[in-house]
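Input: a single structure, listed below in structure tokens.
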Amino acid sequence: MAVEKVDAVAQKLESLSPGLSLKVGPGEWLIITPSSVTTKELSDKLGIGTTEVGSGILVRVENYWGHGPKSVWEWILAKTEVPFDATIT
């Protein structure tokens, strides 16, 4: 996810899903949600497109591969191994 108003989105993420998002760059997060939550639903919950949050792009990822910090891979592994009962609904 990449967004325009970083602080506003950070506050929304913390209130909606504490511990279920990982900031990976300026205005960029990884977010774990159940597969039943669409990117449109998440966008609406975060306020993407409103004057409060501004523009943003969300992309669903089903699989991943790449090179990055070990902490990111550990976070993804830890979050994909837990049940989704505590995620954004």
Side-chain angles (χ1 to χ4, degrees):
M1 179 172 91
V3 298
E4 180 181 7
K5 297 182 180 176
V6 176
D7 292 339
V9 173
Q11 290 175 356
K12 290 270 189 179
L13 282 170
E14 190 55 35
S15 69
L16 289 173
S17 63
L20 297 175
S21 62
L22 176 69
K23 188 169 184 174
V24 292
E28 300 173 349
W29 289 265
L30 297 176
I31 304 167
I32 298 291
T33 66
S35 59
S36 62
V37 175
T38 68
T39 51
K40 168 77 167 91
E41 291 169 331
L42 180 58
S43 175
D44 291 347
K45 288 181 182 289
L46 293 174
I48 303 294
T50 65
T51 55
E52 178 188 356
V53 172
S55 64
I57 298 171
L58 284 76
V59 177
R60 177 177 296 283
V61 176
E62 299 287 332
N63 295 301
Y64 57 90
W65 184 261
H67 298 274
K70 183 179 178 183
S71 60
V72 171
W73 302 120
E74 290 171 346
W75 184 86
I76 291 171
L77 181 62
K79 298 305 179 188
T80 56
E81 290 181 339
V82 296
F84 284 124
D85 60 349
T87 59
I88 298 172
T89 56

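- Between Leu22 and Val72, the closest side-chain pair of non-hydrogen atoms falls below 4.5 Å.
- Separation of atoms CD1 (Ile76) and CD1 (Ile32) is listed at 7.0 Å; rounding is to 0.5 Å.
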With side chain to side chain contact (heavy atoms under 4.5 Å, CB included) as the test, would you mind laying out the steps for Val53 and Leu46 before giving the verdict? CA-CA 8 Å; Val53 172; Leu46 293 174; 5.7 Å; no

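- Contact between Glu52 and Ala8 at its shortest, heavy atoms only, is O-CB, 3.4 Å.
- Nearest heavy-atom pair across Trp65 and Trp73 is C-CH2, 4.1 Å.
- The minimum heavy-atom distance linking Val6 with Trp29 is given by the pair O-CH2, 3.6 Å.
- Atom CZ of Arg60 sits about 11.0 Å away from atom CD1 of Ile31, to the nearest 0.5 Å.
- Smallest separation of non-hydrogen atoms from Leu58 and Thr39: CD2-O, 3.9 Å.
- Going from atom OG1 of Thr33 over to atom CG of Leu20 covers 9.5 Å, rounded to the nearest 0.5 Å.
- We find the OG1-NZ distance between Thr50 and Lys5 to be 7.5 Å, quoted to the nearest 0.5 Å.
- The NZ atom of Lys40 lies 11.0 Å from the CD1 atom of Ile48; values are rounded to the nearest 0.5 Å.
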